[in-house]
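The structure appears right after this line, and notes come after that.
This one's a predicted model, so the numbers in the text were calculated from it and none came from an experiment. Proteins get letters first, then strands, A, B, ... in listed order; numbering begins at 1 in each.
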Amino acid sequence: MRPRLPATKLKPAAAPTHRQPPPTTYRLLSTAAAPSDECGLQQQLDAHVARGNLSLARHLFDQIPDPDVRAYNALIRAYSWRGPGLAAYALNLYRAMLQDRRVPPDKYTFPFVLKACSALLDLRSGRAIHSHAARAGLHTDLFVSTALIDLYMKCAFLCHATNVFDQMPARDAVAWNAMLAGYALHGMYHHALAYLLRMQDHDARLRPNASTLVSLLPLLAQQRALSQGKSVHAYSVRACLHDKDGVLVGTALLDMYAKCGHLHYTCRVFEAMADKNDVTWSALIGGFVLCNRMVEAFRLFKEMLAQGLCFLSPTSVASALRACANLADLHIGEQLHVLLAKSGLHSDLTAGNSLLSMYAKAGLIDEATELFDEMVVKDTVSYSALISGYVQNGMADEAFLVFRKMQAHNVEPDVATMVSLIPACSHLAALQHGKCSHASVIVRGIASETSICNALIDMYAKCGRIDLSRQIFDVMPAQDIVSWNTMIAGYGIHGLGKEATALFLDMKNRACEPDDVTFICLISACSHSGLVTEGKRWFHMMEQRYGITPRMEHYIGMVDLLARGGFLDEAYQFIQSMPLKADVRVWGALLGACRVHKNIDLGKQVARMIQKLGAEGTGNFVLLSNIFSAAGRFDEAAEVRILQKEKGFKKSPGCSWIEINGSLHAFIGGDRSHPQSPQIYEELDSILVDIQKLGYQADTSFVLQDLEDEEKEKALLYHSEKLAIAFGILTLSEDKTIFVTKNLRVCGDCHTVIKYMTLVRKRAIIVRDANRFHHFKNGQCSCGDFW
DNA sequence: ATAGGGTTAG
């Protein structure tokens, strides 16, 4: 509804320009002081557009009774400049223009309306406009063609872009830059480089300008092509590109140096820059975070704030928050949260997502959830961050709920979402869920992405299907170091040390360099297979042949290898000879082995060490208490548990679960909440009778509380893993393998009972505990009873 | 020109 002026005030619709003398009527109306003259309106329209006051411009436009092409163009142009938010208005106006048959679009209309399509990624409208331009004979116009190239590149229609480019009768640097920028957008380094070279061969007058370099530099950064980056730097100085576009070129250069890991050059470029803006500071801080120089990143962040709040941007805060997450510095993270709130940036999507992730990584999953619920706008990243937050905090089931919520809100999952979700299946050992995720990834066409395959390899391994892991590993288009490590680790938890070793040797044949994690996986694989000598060999080779200095994780693996293999004293001496000060986890590995090998004396000694270091986490309290219980020292065992409570460590109860027909059934020791509990307990009692006939005697040293012997037996009998297995026996047909997962280590008595169970119930049983897989069959376990 | 979520080891 546009307010129309009285018909008497209408002016003839000749297209006046600035240079034309005002029409005679101009004076008449101007004396009446009414801004209704078209020429005057046009000037005011231009003025509002120039000032960026688009609502006033629109208001004026609506006052023009018969707007000419210039008026349309001015407003379309203004709308198309303002990103996707206003681009839709530009398209609407263009459509109005087509309907208003009086005013055909001209060569100034097409580039701007195409720009709007590009901002909206609206390929359909773009192609329609392409054909309008062709009908008007304007599709090979320099500006129209360039706009078309930009559109097709952004919509990933690369051939169309090439066609347009090839049909151009003449090309300027902007056209070449559009091609180059398009390839840069898709990370196509070689194509972009080819156009850069062609551009210079083609016409010596065409020199790469600031825009060229600004497109090119991120590609060089991605390729870590430092030497080429340096030549670009030199060229930019020779071509004086720092004079006019210093901020753009400088920022792109310092970012390139940072991504190539050369912070020294980054800083030198930064210091040399005359003009800096928020993007420059963000790139600088982000560079330090990227190079793991968190403390300096914070220092720079503070320096930036000291320079003035105008430099503060969600991007720079995001980098600072990432530093907090990596350093697990919740204190600074909270300060940044306050800073965001104070500067009104807290509703920014990027900032919100960073905050959410930071809280999740710090273990404050409730804060993260609250933040998520408060976010007005959520995108795929927000959902993915929350999903991975839940998985990292051991709440895999919640992760699935978030995933479902995401689908209900029509937010499309992408590669990162699925890479966050698939580990939830791994944690739960939920093979059906895992297979569904696998199917979903195939449907979405992302199943051959390396990171997706890596997550799937891990999932299948942890769900007991190491065969499927290997299949994916063999079929995937490109393995990276994570793929190899995951596969080796997979063999490790299945006790397939020989296969792990074979894969490691294969890795060398394929010229893939092992890293520090590879050796952690390899040593742990040897440990789970009792390959003590071999494990020791790899450990030495790691340092001597590969020059990798052992980290705490390697020492933990070695102590585990030695102690689990029964060489408890050697393990103890190994700890004494470590160049690093052994932490709780190292002693914890030894303590665990003391329990398995029932070495109470050493166990108590180790327990004292752990107490001195302050038992971190719940695991060691439980082990400690177990050791004392095993020695019959129930007072001390009780003391440990009281201490645990005082320190605020929640007892994480032993929990086992089994997936049946795609749903999970979870059990806690002595738990009767499952609807089929009566049958389950009956079955266990009957199993006890049967296995006692075969000579089973309860090993009551695994009972924590001070109970009478008979009660102890019962306490053992209703351990969570036994409940889950009994439920499996009742539910699954005889030919099916029963696969149970436990969050803690499987208890020694259960280990014995399960072996008997395979005999008296003629079932194959697989138990995955916190450490590894146990394949029970015909009265034996694949781990050879050392685990 | 910068930036938010993701896979392996314990």
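The residue A/S451 sits close to a base: some heavy atom pair falls under 4.0 Å. When heavy atoms are screened at a 4.0 angstrom cut-off, A/T280 is found touching no nucleic acid atom at all. Using a 4.0 Å heavy-atom distance criterion, A/D414 is classed as a base contact. Nucleic acid contact for A/K276: none, since no nucleic acid atom lies under 4.0 Å from a heavy atom of the residue. Using a 4.0 Å heavy-atom cutoff across all strands shown, A/T417 reaches at least one base atom of the nucleic acid. Nucleic acid contact for A/V517: base, since at least one base atom lies under 4.0 Å from a heavy atom of the residue. Note on A/N277: a base of the nucleic acid sits closer than 4.0 angstrom, heavy atoms only. Here A/T486 lies in heavy-atom contact (under 4.0 Å) with sugar-phosphate atoms only. Nucleic acid contact class of A/D379 (heavy atoms, under 4.0 Å, all strands): base. If you check every strand for non-hydrogen atoms under 4.0 Å, A/Q392 touches sugar and phosphate atoms only. Among the protein residues, A/A416 comes within range of the nucleic acid bases, having at least one heavy atom under 4.0 Å from a base atom. Within the nucleic acid shown, A/L248 comes within 4.0 Å of at least one base atom, counting heavy atoms only.
Under the rule for a salt bridge (charged side-chain N to carboxylate O under 4.0 Å, His left out), A/R268 has no partner lying at least two apart in sequence or in another chain. In terms of the side-chain contact (heavy atoms from CB on, under 4.5 Å) criterion, residue partners of A/K378 (sequence neighbours excluded) are, by chain and number, A/F372, A/M375, A/S382, A/Y383. Under the side chain to side chain donor-acceptor pair (under 3.5 Å) criterion, A/Q228 pairs with A/Y189, not counting sequence neighbours. In terms of the side-chain contact (heavy atoms from CB on, under 4.5 Å) criterion, residue partners of A/E398 (sequence neighbours excluded) are, by chain and number, A/Y390, A/M395, A/L401. The ring-ring contact (aromatic ring centres under 6.0 Å, His included) check on A/F574 picks up A/F539, A/Y555, with sequence neighbours excluded. Every residue two or more places apart in sequence or in another chain that forms a ring-ring contact (aromatic ring centres under 6.0 Å, His included) with A/Y546 is listed here: A/F519. Listed by chain and number, the residues in a side chain to side chain donor-acceptor pair (under 3.5 Å) with A/N277 are A/T280 (sequence neighbours excluded).
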Using distance only, find each side-chain donor-acceptor pair of residues 298-305 of chain A under 3.5 Å and give its atom names and separation, not counting sequence neighbours.
none

Under 3.5 Å donor-acceptor pairs involving side-chain atoms of residues 486-495 of chain A, not counting sequence neighbours:
unit_1, atom_1, unit_2, atom_2, d
A/T486, OG1, A/V482, O, 2.5
A/Y491, OH, A/R470, NH1, 3.2
A/H494, ND1, A/H775, NE2, 3.3
A/H494, NE2, A/A461, O, 2.8

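Relative to the six-membered ring of A/F270, A/K276 meets both conditions, a distance below 6.0 Å and an angle of at most 45° to the axis.
Of the residues in residues 249-261 of chain A, those placing a heavy atom less than 4.0 Å from an atom of DNA chain B are A/T251, A/D255, A/K259, in numerical order. Contacts between residues 354-362 of chain A and DNA chain B, counted as heavy-atom distances below 4.0 Å, involve A/S354, A/S357, A/K361.
Between the side chains of A/D414 and A/T417, at least one donor N or O lies within less than 3.5 Å of an accepting N or O.
With A/Y257 as the fixed residue, the side chain to side chain donor-acceptor pair (under 3.5 Å) test singles out one of A/K230, A/H262, A/H233: A/H233.
Close approach of DNA chain B to chain A, defined as any atom under 4.0 Å from a non-hydrogen atom of the protein, starts and stops at B/dA1 to B/dG10.
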